[in-house]
J.: 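The structure under discussion is supplied below as structure tokens; questions concerning it will follow.
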Amino acid sequence: MTNKPEHNEENNVDFSMLLASSVHDIKNSLSMLLTSLDEVIDITTEERPEHRRSYSILRGEASRINNALIYLLGLYRLQNEQLSLNLQEVFIADFLEEQVESQQLLFDVNNIKVSIDCDENMTGYFDENLIAGVINNILVNCAKYTQDSITLSVEQNNQYLTISILDNGSGYPQGIIDHISNDNRSIDFNSGSTNLGLFFSQQIASIHHCKGRTGAIELSNSETGGGCFKLILP
Amino acid sequence: MAITKIDVIKIYRQKTALVIDDFPDMRGSIRRMLDNFGVISCDTASNGEEAILKCEEKPYDIILADYNLGDNKNGQQILEELRFKNLLKNTTIYMMITAETTKDMVFGALEYQPDDYLTKPFTQGVLGKRLDRMVLEKESLYEINNAMDLLDYDRAIELCQQRIDMHDKYEQRCLRIMSSCFYKKHKFSQAKKVYEDILEERELEWAQIGLGKSLMALNDLDQAEELFTKLADDGCLCLEIYDCLADIKTRQGDIEEAQRILERAIDVSPNAIMRQEKLAELSEDNHDWERAEKSRKKVIRLGNNSVYETPEHHFKLARCMNSEISDNPEAAKGKVKEVEEVMRSVKRKYKDHENVDLQADIIQANVYASAGHEDKSQEKMATIKDKMAAASNKSAQLMLDMAQTYKTVGDHDKAKEILKDLAEKHEDNPDISEAIDRLSDEPLSKLGKQKAVQLNQEGKELFASKEYSKAIQLFSQALKHYPNNIGLNLNLMLALVREMSAKGATAAQVQHCSSAKEKLAHIGEDNPMYERYKVLCDHLVKLKKSL
């Protein structure tokens, strides 16, 4: 028998766990920060409307950080099999309105018109919080690339629910479209753009399943050039 | 159904709201948002106690509670206490505000889930949309929720069925309410049918839990167990499934497994007082005094200043420590001091409660006797006798404690006298009957006698077919409930002796047999079972030598 050095469990810091709990802490601070920011924006912009734009950038970036943290936490849980789906009946029109509302300031300052095309009574079954993360990510992304409009539409057929988010920007780069459609699940961290948000969306969609059907995402560009993101849920 | 902004403001004007948050800034900020929506009457609370007090004063239509309230009660515990005290109407909106997106904090039972979760950070617009949605839903389902508040479940079911037939927006909400009403009305097969129909379409957690509970009520334990086990494996965080699984195991007679299951749930959520108490009871049945003591202490800590607070929790802890001392006299020294402290504090805390003083003395006398402090025990006994004579309204529990103490000090006749008297007075109360038979040498209650006949019959059959190890298991299980029962202890000795004679003695079995023998040490020659006891003792001596 060989003598192995004693392994000290207590000093063995699990870095990913450390990261996850730090993210958690940061999110709490960020939450306070965003709430205060909203109030400051409310109060100041009444008197000085010209500040609205810079505040919106502040808020937009803080919101991006928040989203990125949500992905990190989500992916950490996914990896540790701690992420359990909370499937619920969701009223889709209400749900989408709420997601748009949460980024309203961003749309207002950039003069983007957002329209939702969804039947008032349509319902879907998914994890509201996780899918909210996905939709938010795409909305913020669209706000950056579109010229002046975003359209959300919902369709239900063959027991699948499809939420489409269309913008009139210059469309998704072909590389990303190919990447997603190749079902390549790894992220290329060397390419400069990590596409963490899309990776997260894909993961979240694929853990939704019902009676043998699985969720997915699709990217395409419309003939007029704008990008089209589709979230397909069973 | 188009409701305009003006309509919604009108609705908000009539609503009363309560905002619970420990940060003053956050309270103010949410309050201003509600004000902007049109809510005129809005109160705030900075912690759970304050929130519950306010709810006792007046009912609210909208409650917004932050989950994390520092070291105090969290938003979930406030919700549970409000439901428990019946302070929360079904027509009220309870919205939980959380810093986290997952439902990790949802540890309670299905019944104790809030109407909605809102994740921080949120803007006024988002809160507005969310609240509008909830307010409109509550308005639309008002009749149904109101019928539930009036406990008129038949009416609620009828109204739900009407809505379901209309296939409108709230069809599934109504199915969910209807199934829970069937369950509450004990119409379990109807509830089961609704859940099964829903699950046909989609695997929804709440429907699975509902189905499992209906199956349990219909006594289909195996299928219920399968369902709950699958839910647990899939990472369902509703801890009610562990309570159900533990209950199933208890009903199947496997109380050791039941204890282990509850321990798992307690690890996740140590602050659920009812579950801690259940775990303490199971641990005591399993004679796992250490675990029981831990849970009993936690119950007291959690119960402090709450609805659950009662002197009985302190007495239960002291009784548990008494059993620990009887089992392991070496632990006595520290434990006696602890019991003294617990009894002192219960006397102080409940000085106006009838008989608390007396009951504490009785238990303390018992503990002294168990620990071998005979002088102190006698001293206490003397004071007890006077107090006993002066006391009116002696509760069954008080008399049980008295009987237990008499037993420990060796006065078996006095103990038996009390127990016999109790058995007559509480013939129809299964809990008291069981407690009586737990303490007595032979079954005294009607129910205990029936149980004994049944056990003996099963034992006889096992002896006849020479299934001694099964017999050992049967009697050992039964002795967890009736540790002093002469017949059971004798039968256990007999089964062990037979098993060892057939297969050879082992140290563990000799030990097992000796502890049964010790339980019988007090029976005298006049006891009709004395002869059998003597014979078995002789066998045991021989088997010990053969080791």
Side-chain angles (χ1 to χ4, degrees), chain A residues 23-25 27-39 41-42 59 62-63 66 69-71 73-74 77 81-91 93-105 119-125 127-130 132-133 159 209-211 234, chain B residues 1-2 23 25-26 28-30 32-33 36 66 68 97-104 106 113 116-134 136-137 167-173 175-176 198-208 231 234-238:
Chain A
V23 166
H24 201 96
D25 262 6
K27 256 181 62 61
N28 278 340
S29 302
L30 199 61
S31 148
M32 289 300 286
L33 194 123
L34 276 166
T35 315
S36 318
L37 191 61
D38 279 344
E39 287 192 14
I41 295 172
D42 261 8
R59 201 185 187 287
S63 176
N66 191 50
L69 293 178
I70 292 175
Y71 310 147
L73 267 183
R77 291 223 167 79
E81 289 175 11
Q82 280 179 13
L83 191 85
S84 60
L85 269 194
N86 183 19
L87 285 191
Q88 269 181 327
E89 187 194 32
V90 180
F91 297 117
D94 293 340
F95 170 76
L96 291 180
E97 268 178 41
E98 200 181 297
Q99 305 320 314
V100 172
E101 181 64 50
S102 71
Q103 304 300 338
Q104 198 58 53
L105 185 71
D119 182 84
E120 173 81 12
N121 291 340
M122 193 186 278
T123 61
Y125 292 84
D127 187 307
E128 204 175 343
N129 280 313
L130 291 176
Q159 298 177 296
H209 48 78
C210 173
K211 312 259 167 196
Chain B
M1 185 180 54
F23 285 103
D25 288 351
M26 203 60 198
S29 150
I30 296 177
R32 274 191 298 282
M33 291 182 188
N36 289 338
D66 196 65
N68 197 337
I97 298 170
T98 65
E100 255 241 70
T101 18
T102 59
K103 53 166 194 166
D104 283 14
V106 192
Q113 283 178 6
D116 205 358
Y117 292 94
L118 184 64
T119 317
K120 284 195 283 194
F122 54 86
T123 62
Q124 171 169 322
V126 169
L127 176 65
K129 286 254 182 276
R130 208 46 103 73
L131 260 189
D132 285 358
R133 193 210 294 186
M134 291 307 307
L136 291 179
E137 181 178 326
H167 297 295
D168 76 349
K169 188 171 178 175
Y170 299 115
E171 183 179 351
Q172 198 176 85
R173 298 280 197 275
L175 277 167
R176 184 170 178 169
I198 294 165
L199 290 169
E200 190 79 9
E201 295 293 312
R202 216 165 268 270
E203 288 196 342
L204 294 169
E205 221 164 61
W206 60 266
Q208 286 173 309
L231 275 168
D234 288 349
C236 169
L237 290 168
C238 183

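All heavy atoms count here, side chains included; hydrogens, waters and symmetry mates do not. Just so it is clear: chains get the letters A, B, ... in the order the sequence lines come, proteins before strands, and each one is counted from 1. None of the values given here were measured: they were computed from a predicted structure.
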J.: Is it the side chain or the backbone of Q99(A) that comes within 4.5 Å of chain B heavy atoms, both, or neither?
T.: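 Contact with chain B: none, neither part.
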J.: Out of D94(A), L33(A), N66(A), return the one with the most heavy atom pairs under 4.5 angstrom to chain B.
T.: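 Among the listed options, the one with the most contacts to chain B is D94(A).
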J.: Considering only heavy atoms, which portion of Q104(A) lies under 4.5 Å from any heavy atom of chain B: side chain, backbone, both, or neither?
T.: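 Neither part.
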J.: Any sub-3.5 Å donor-acceptor pair from N86(A)'s side-chain atoms to D127(A)'s backbone N or O?
T.: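 Flag not set: sc N86(A) to bb D127(A) has no pair under 3.5 Å.
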J.: Between R133(B) and E101(A), does at least one N-O distance fall below 4.0 Å, as a salt bridge requires?
T.: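 Salt bridge flag = no for E101(A) with R133(B).
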J.: May I ask you to decide whether E89(A) forms a salt bridge with R176(B), counting only side-chain N to carboxylate O separations under 4.0 Å?
T.: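 No, no charged N to carboxylate O under 4.0 Å.
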J.: At a 4.5 Å cut-off on heavy atoms, which part of E200(B) comes close to chain A: side chain, backbone, both, or neither?
T.: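 Backbone only.
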J.: Which atom names give the shortest non-hydrogen contact between D119(A) and A93(A), and what distance separates them?
T.: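 Distance-wise, the nearest heavy atoms are O-CB, 4.0 Å.
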J.: Given side chain to side chain contact (heavy atoms under 4.5 Å, CB included), test E205(B) with L87(A) step by step and report yes or no.
T.: CA-CA 7 Å; E205(B) 221 164 61; L87(A) 285 191; over 6 Å; no
J.: Go through K169(B), E203(B), R32(B), M26(B) and name the one with the most non-hydrogen pairs under 4.5 angstrom from chain A.
T.: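 Top option by heavy-atom pairs under 4.5 Å: K169(B).
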